[in-house]
Structure formats: structure tokens, C-alpha cells
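What follows is a set of notes on a single structure, which appears directly below.
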Amino acid sequence: MKRVLILLPLACVLFISCLGGQNLSGNNMKDAFKDKFMIGAALNQSQYKGDDIHAVNIIKKHFNTIVAENCMKSEKLQPKEGHFFFDDADKFVAFGLENNMFIVGHTLIWHSQAPAWFFVDDKGFDVSREMLIERMKNHITTVVTRYKGKVHGWDVVNEAILDDGSWRRSKFYEIIGEEYIKLAFEFAHQADPDAELYYNDYSMAHEGKRNGTINMVKKLQEEGIRIDGIGMQGHMIMEFPSYEAFEQSIIAFSELGVKVMITELDLSILPSPHATAGANIADTSDYENKLNPYTKELPEDVLRNWEERYHGFFSLFLKHHDKISRVTLWGVTDGDSWKNNWPVKGRTDYPLLFDRNYQPKPLVQRIMQEAYKHQAEDLLVKGK
Ligand code: XIL
């Protein structure tokens with residue numbers, strides 16, 4: 001009874017202030033979402049090095065988790081066999097530690113942005129299975145050991161499954177077979193037994209990819225391999241995915257008993273040159289003016305539709321906050337989003353929560369209000 005007396009008025013104040021559309025600009029997203037999930041961003045070099053001071057201010061204010069946008073990819077970390085380059089990754093990790101953030105390493109094993117030497121011998125032929133396993137082991141062990149106890153979670157394998165659920169015919173798959181996935185998780189776990197280990201992929205709302213991922217994770221679990229979470233890359237376009245399909249995947253993944261994470265979130269406002277949206281960085285298209293319609297400004301109605309859709313996804317994440325451990329945006333401001341150059345180079349896109357002038361979009365307030373509304377509702381339920 002005493003608890004009800006204390007909690008109820010508090011909940012009501014919160015609830016009323018939210019419904020009244022109170023200005024929450026003084027608040028920050030990490031507080032707004034704190035009972036729900038971590039909220040974060042992928043950082044580029046000028047951010048973790050501290051040069052882009054306005055972006056750094058946003059990151060410190062709003063985010064409690066960071067991921068490396070590029071500096072931990074294998075072509076960056078080991079451009080030549082045995083020659084590791086850690087300067088940038090060290091700075092990224094130091095930034096996270098200084099600011100008390102949950103640090104995610106991206107990514108240990110991925111067919112893209114891997115150095116060419118990884119898969120060939122000195123004559124240019126494919127390496128043997130044993131040699132590729134050895135190279136994987138050496139890469140993973142060296143990198144994970146260096147950041148043991150500092151990087152809290154690793155995207156161990158990225159994008160191993162195609163939209164139809166079959167295995168991607170990457171060099172890892174062709175030379176080693178599907179066992180490369182299990183091995184990658186084992187090597188990472190051996191190097192840091194306390195680190196969380198994830199599988200990360202795009203277009204996870206596709207039924208085929210959803211089922212392929214579930215089968216893979218189940219098999220790993222049956223074999224006793226540690227896997228803590230599934231990262232659903234959130235590279236959205238206006239037409240794909242549907243809330244329903246995305247929600248189905250959140251639920252299905254969570255039923256495996258692993259954490260679900262919305263990784264790499266951005267919502268492109270531009271026309272997609274592809275029939276189905278994905279995020280395979282090799283799928284690029286030529287520039288055409290009609291694919292770049294908003295170089296000066298955004299029409300009201302276009303912006304409104306974009307905002308509604310983004311808001312809808314955040315509502316979905318809040319609805320499933322018991323399953324979702326983290327939501328990470330793929331960048332901080334529109335100006336530095338990779339979507340300006342992929343899948344078409346040289347466009348002006350608006351996929352993130354902060355604009356090119358480092359200002360929060362009105363959507364930031366809306367999603368924070370939504371989060372506070374949830375907090376208030378939770379308090380009311382607990383008070384009963
Ligand atoms: C992107 C980066 O944002 C770009 O800067 C880089 O040029 C290409 O890669 N899926 C992933 C990310 O897992 O690593 C990719 O990041 C985007 C798609």
C-alpha cells in the first residue's frame with residue numbers, strides 16, 4: 001500500500017507531462033530508454049578521435065553503447081598477414097571506456113572488408129582449409145585478446161546467410177564449409193570467456209533469412225557453442241520491411257533464448273534502386289538524378305511519412321523491450337551516414353536522428369516521450 005501511495009502520484013505526473021507533450025529537449029535518450037534497452041551509435045574516426053566535437057557531445061549526451069563503424073573490420077586490423085594495425089581501434093575502445101559505454105566490436109568474420117590475402121596463398125590460389133582456419137584463429141585470438149575485458153560484445157560472424165536462408169557462398173564457406181561459423185564462435189570464446197558473442201545480419205525480416213538464422217543458432221546451441229545474441233541490422237527503406245515481419249523475427253529470435261539487438265539502424269528516405277532492400281555493400285547502383293530528389297530540402301509530406309515510420313519502429317522496440325537488449329543507430333548525424341554513398345554514390349539522405357547541423361530531429365523528442373509514457377505505464381502497473 002505504501003508503495004502504491006508513493007508510486008502512483010509519481011507515475012501520474014510522468015504520464016500527464018508526457019501526454020501534455022512536455023518539452024523533453026533537456027533530457028537524453030539513454031535516460032529515456034534506460035529501463036528498456038541500451039541506445040547507441042556506430043562511431044567513425046573523427047568521432048572517437050574527438051575531432052568532431054559536436055558529434056562527440058551528442059554521443060556523450062545520448063548514447064550508452066558504441067560500435068566501430070569501420071576500424072575493427074579485418075582489412076583495417078590486419079591489412080597484411082601478421083601486421084596488425086590497432087591505433088584506431090585502440091582509440092575507439094578508449095573513447096568507450098572513458099565514457100563508461102558498452103563497447104561492441106564489429107566484426108571478426110565477414111566476407112566484406114576483409115583483406116584479399118586472407119583467402120589466398122603466395123601464388124594467388126585459394127588457401128587450404130587448414131590454413132584458412134589457422135588464419136581465422138590467429139585473427140580472432142589476437143584481436144579479442146587485445147580487448148579482453150574492454151570490448152563487451154563481439155559481432156563474431158556477419159552476414160553468413162542469404163535472404164532465402166541458404167548459406168552465403170563466401171570464401172569462408174567455400175573453403176571451410178559451414179563449420180567456419182562454429183569455429184569463429186569457439187575461437188572468440190576461448191580468447192575472452194566473458195565477452196558476449198553475436199551473429200549479425202541484414203534483412204532479418206525475410207522469412208528465409210529468419211528461418212536460416214534460427215536453424216544456425218539452434219545448431220550452435222545444440223553443440224554447446226556460446227552465442228549470446230542475434231543482431232538485426234536495421235537498414236530500413238520506406239518500403240521494407242513491414243512492422244509485422246520484423247516483429248515476427250524479434251519474437252522468433254527471442255524464443256531461442258538469446259538477446260535480440262537492433263544493430264545498424266537507419267531509415268533511408270530516398271528511392272531504392274533495388275527491388276528488395278538489403279545491405280550487401282557490394283550491391284551498388286549507378287547515380288541518376290531521379291534517385292537523389294532531396295538535395296536542397298525535404299517536402300513536408302515526405303518527412304512526415306519518414307517520421308511516422310521511424311516512430312512506428314521505436315514503438316515496436318518499446319513493445320518488445322523485454323526481448324531487445326540494445327538499439328544501435330548506424331551513425332550519429334545525417335551528414336556522416338554511409339547511406340549518402342550506398343547503394344548509390346553521392347546522394348543526400350536523411351536516415352538518422354540528428355541532422356547535418358547536429359540538431360536532434362523532432363522525432364527524438366517523440367520517441368523519448370514514447371519511452372517516458374512506457375515508464376509511467378510500467379509504474380502504474382507495478383503500483384497496482
Ligand atoms: C559500412 C560503413 O558504414 C561504411 O563506411 C563502409 O564504407 C562500408 O560498410 N553492414 C555492416 C556494416 O555490417 O559494417 C556496413 O558498414 C554497412 C552494412
Side-chain angles (χ1 to χ4, degrees), residues 42 67 69 73 104 106-107 109-114 155-170 172-173 178 181 198-218 220 227 229-256 258-285 291 306 309-310 312-314 316-317 320 323-324 326-331 337-339 341-344 349 351-352:
V67 61
E69 183 178 4
K73 292 171 179 171
V104 178
H106 172 87
T107 171
I109 295 296
W110 186 28
H111 64 281
S112 289
Q113 294 184 277
D155 287 341
V156 178
V157 177
N158 202 29
E159 303 175 357
I161 297 170
L162 296 176
D163 288 356
D164 65 2
S166 63
W167 296 111
R168 179 187 296 282
R169 266 54 187 169
S170 68
F172 291 112
Y173 179 86
E178 64 176 87
I181 295 169
Y198 315 130
Y199 175 70
N200 190 53
D201 211 331
Y202 61 80
S203 294
M204 291 292 230
H206 278 311
E207 196 184 344
K209 192 167 287 205
R210 178 192 306 136
N211 292 335
T213 303
I214 291 171
N215 292 339
M216 179 191 74
V217 171
K218 271 192 180 152
L220 289 173
I227 172 161
I230 299 177
M232 301 175 69
Q233 291 183 21
H235 298 298
M236 322 270 195
I237 58 171
M238 294 304 287
E239 302 80 17
F240 178 86
S242 70
Y243 295 134
E244 293 74 20
F246 201 84
E247 180 171 32
Q248 248 179 292
S249 296
I250 294 176
I251 295 170
F253 292 158
S254 151
E255 282 169 355
L256 294 165
V258 296
K259 294 178 178 176
V260 178
M261 297 159 304
I262 313 303
T263 63
E264 312 193 17
L265 181 61
D266 48 30
L267 171 57
S268 174
I269 210 164
L270 298 178
S272 169
H274 299 146
T276 58
N280 183 7
I281 66 169
D283 289 344
T284 55
S285 293
L291 294 174
W306 174 90
R309 183 160 160 76
Y310 231 128
F313 274 110
F314 268 94
L316 188 66
F317 304 156
H320 291 293
K323 306 170 186 67
I324 294 173
R326 169 167 70 91
V327 175
T328 297
L329 289 130
W330 201 245
S337 168
W338 78 303
K339 297 310 303 271
N341 288 304
W342 187 91
V344 178
D349 206 344
L352 293 167

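For clarity, every value in this text was computed on a predicted model and none was experimentally measured.
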What distance separates [X] [atom1] from [Y] [atom2], expressed to the nearest 0.5 Å?
| X | Y | atom1 | atom2 | result |
| --- | --- | --- | --- | --- |
| Ile161 | Tyr199 | CD1 | OH | 4.0 Å |
| Thr263 | Ile230 | OG1 | CD1 | 11.0 Å |
| Met261 | Asn200 | CE | CG | 7.0 Å |
| Asn211 | Thr213 | CG | OG1 | 8.5 Å |
| Phe314 | Arg309 | CZ | CZ | 13.0 Å |
| Glu264 | Met236 | CD | CE | 11.5 Å |

- [ ] Check the pair Tyr198, Ile227 against side-chain contact (heavy atoms from CB on, under 4.5 Å), reporting the backbone distance first and the verdict last.
- [x] CA-CA 6 Å; Tyr198 315 130; Ile227 172 161; over 6 Å; no
Open item on the list: Looking at Glu207, I want to see if its CD is surrounded by more than 12 non-hydrogen atoms of other residues, nucleotides or ligands under 6.0 Å.
Closed with: no
If you look at every heavy atom in [X] and [Y], which pair is closest and at what distance?
| X | Y | value |
| --- | --- | --- |
| Leu352 | Tyr310 | CA-OH, 4.1 Å |
| Asn280 | His111 | OD1-NE2, 4.1 Å |
| Phe317 | Leu265 | CE1-CD2, 3.9 Å |
| Ser272 | Ile237 | CB-CD1, 3.7 Å |
| Leu270 | Ser268 | N-OG, 3.2 Å |
| Pro273 | Val344 | CG-CG2, 3.8 Å |

Task: Pair Tyr243 + Phe246: ring centers closer than 6.0 Å - done: no
- [ ] Please check if the distance between the ring centroids of Trp342 and His235 is under 6.0 Å.
- [x] no
Side-chain ([X]) to main-chain ([Y]) donor-acceptor, under 3.5 angstrom:
| X | Y | result |
| --- | --- | --- |
| Lys218 | Leu256 | no |
| Ser249 | Arg210 | no |
| Arg169 | Trp167 | yes |
| Trp330 | Trp338 | no |
| Lys323 | Ile251 | no |
| Asp349 | Ile269 | yes |
| Arg326 | Lys259 | no |

Open item on the list: For a 4.5 angstrom cut-off between non-hydrogen side-chain atoms, does Val260 reach His320?
Closed with: no
- [ ] Determine, stepwise, if the pair Gln233 / Glu159 fulfils side-chain hydrogen bond (donor to acceptor under 3.5 Å, both in side chains).
- [x] CA-CA 10 Å; Gln233 291 183 21; Glu159 303 175 357; 3.0 Å; yes
Open item on the list: Using side-chain contact (heavy atoms from CB on, under 4.5 Å), reason through Phe313 and Leu267 one step at a time and then give a plain yes or no.
Closed with: CA-CA 10 Å; Phe313 274 110; Leu267 171 57; 5.5 Å; no
Open item on the list: Could you walk me through whether Asp163 and Tyr202 satisfy the side-chain contact (heavy atoms from CB on, under 4.5 Å) test, starting with their C-alpha distance in whole Å, then the side-chain angles of each, then the deciding distance to 0.1 Å, before giving a yes or no?
Closed with: CA-CA 9 Å; Asp163 288 356; Tyr202 61 80; 4.1 Å; yes
Task: Between Ser170 and Arg168, a side-chain donor and acceptor under 3.5 Å - done: no
